[in-house]
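What follows is a short report on a single structure.
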Amino acid sequence: MLLNTKSFLVLEHDEVNALLLRSILEKQGCKVTVVSSASQAEAELDKGSFDALIMETIMIQADPNGFIARLKESPARSEMKIVVITSDQVFFKENAEVNQLLDACLLKPIDISNTLQEITSLFLNRNLKQLQKFLYSKDLLQRQCLSMN
């Protein structure tokens, strides 16, 4: 499994969403730490190394550019993936600078298979991503052809 050696920091204020994300990732063998504030997240990041940070936009809306930029400034965190989960599509349309700093943005409600697929794809190398897209497109095309018969 691709994710079974990865560690995630989840920054989520909603207990149900935090539990869901923890369950999804732990079932894949991931190490998961959950925090409910940006200050707790920064403290955890200072203590250890994480492969990815998954967070809700409401947690950083006061200073999204600053928070994410601070994360990316540290050489120890430069390879860390940053994923935002939100129900606020407008926030990202209005904050193009934030979009450029993110590795992925997922919309709520959390869809288990889509969330897992998106997170997994962050850790695939470029060639594997292209192959995966090709195989998915080919499979989709075959299913469409079969449904026409």
Side-chain angles (χ1 to χ4, degrees), residues 1-137 139-140 143:
M1 277 193 199
L2 182 63
L3 294 178
N4 65 353
T5 61
K6 304 297 182 194
S7 62
F8 289 83
L9 178 61
V10 175
L11 171 55
E12 173 62 70
H13 71 288
D14 182 276
E15 287 182 38
V16 173
N17 287 333
L19 181 61
L20 180 57
L21 288 167
R22 178 188 291 274
S23 290
I24 291 170
L25 295 168
E26 285 181 345
K27 281 188 178 182
Q28 298 302 309
C30 302
K31 179 184 173 216
V32 181
T33 302
V34 176
V35 294
S36 59
S37 73
S39 60
Q40 288 175 327
E42 289 189 75
E44 286 295 327
L45 288 165
D46 288 340
K47 285 194 283 185
S49 175
F50 293 91
D51 295 298
L53 168 65
I54 301 175
M55 63 183 166
E56 160 61 61
T57 53
I58 199 166
M59 306 306 293
I60 59 161
Q61 280 184 336
D63 183 21
N65 293 343
F67 181 78
I68 295 171
R70 281 193 309 277
L71 294 177
K72 291 286 189 176
E73 279 175 3
S74 166
R77 300 179 195 152
S78 64
E79 296 298 314
M80 182 177 67
K81 309 296 184 193
I82 299 178
V83 179
V84 168
I85 297 181
T86 186
S87 56
D88 185 4
Q89 293 178 359
V90 175
F91 175 79
F92 289 98
K93 289 178 183 173
E94 295 174 353
N95 292 283
E97 293 170 26
V98 173
N99 279 336
Q100 293 176 356
L101 297 171
L102 299 175
D103 294 291
C105 178
L106 302 171
L107 294 175
K108 287 184 178 180
I110 295 170
D111 175 281
I112 294 171
S113 63
N114 183 52
T115 298
L116 190 55
Q117 181 179 4
E118 288 292 326
I119 290 170
T120 301
S121 73
L122 291 174
F123 296 101
L124 295 173
N125 71 37
R126 193 168 199 215
N127 292 334
L128 285 176
K129 279 186 184 180
Q130 289 173 343
L131 177 61
Q132 186 182 37
K133 276 186 176 179
F134 170 76
L135 292 175
Y136 175 75
S137 299
D139 182 54
L140 188 62
R143 280 192 254 156

Exercise. D103 pairs by side chain to side chain contact (heavy atoms under 4.5 Å, CB included) with which of L122, L53, V84, I119?
Worked result: L122

For this session: Before giving the answer on side chain to side chain contact (heavy atoms under 4.5 Å, CB included), spell out for M80 and L9 the whole-Å C-alpha distance, their side-chain angles and the decisive distance to 0.1 Å.
Result: CA-CA 10 Å; M80 182 177 67; L9 178 61; over 6 Å; no

For this session: Of all the heavy-atom pairs spanning S49 and S7, show the shortest one and how long it is.
Result: O-OG, 3.3 Å

Seminar exercise, completed: For T86 and C105, the nearest pair of non-hydrogen atoms, with its separation, is CG2-SG, 4.1 Å

For this session: Compare every heavy atom of F123 with every heavy atom of F8, then report the nearest pair and how far apart it is.
Result: CZ-CE1, 3.9 Å

Exercise. According to the salt bridge (Lys or Arg N to Asp or Glu O under 4.0 Å) rule, which pairs have a member within residues 35-44, sequence neighbours left out?
Worked result: E42-R70, E44-K47

Indicate every side-chain donor-acceptor pair of residues 106-115 with a distance under 3.5 Å to a residue at least two apart or in another chain.
unit_1, atom_1, unit_2, atom_2, d
K108, NZ, E56, OE1, 2.5
D111, OD1, S113, N, 3.3
D111, OD1, S113, OG, 3.2
D111, OD1, N114, N, 2.7
T115, OG1, D111, O, 2.8

Exercise. Got more than 12 heavy atoms from elsewhere within 6.0 Å of NZ, K31?
Worked result: no

Exercise. In Å and rounded to the nearest 0.5 Å, what is the CG to CZ distance from N17 to R22?
Worked result: 13.5 Å

For this session: Any chance you could measure L11, atom CG, to S36, atom OG, to the nearest 0.5 Å?
Result: 8.0 Å

Exercise. What distance separates L116 CG from K27 NZ, expressed to the nearest 0.5 Å?
Worked result: 11.0 Å

Exercise. Can you find a heavy atom in the side chain of I82 that is under 4.5 Å from one in the side chain of M55?
Worked result: yes

Seminar exercise, completed: One should read off an interatomic distance between I54 CD1 and E118 CD, to the nearest 0.5 angstrom, of 11.5 Å

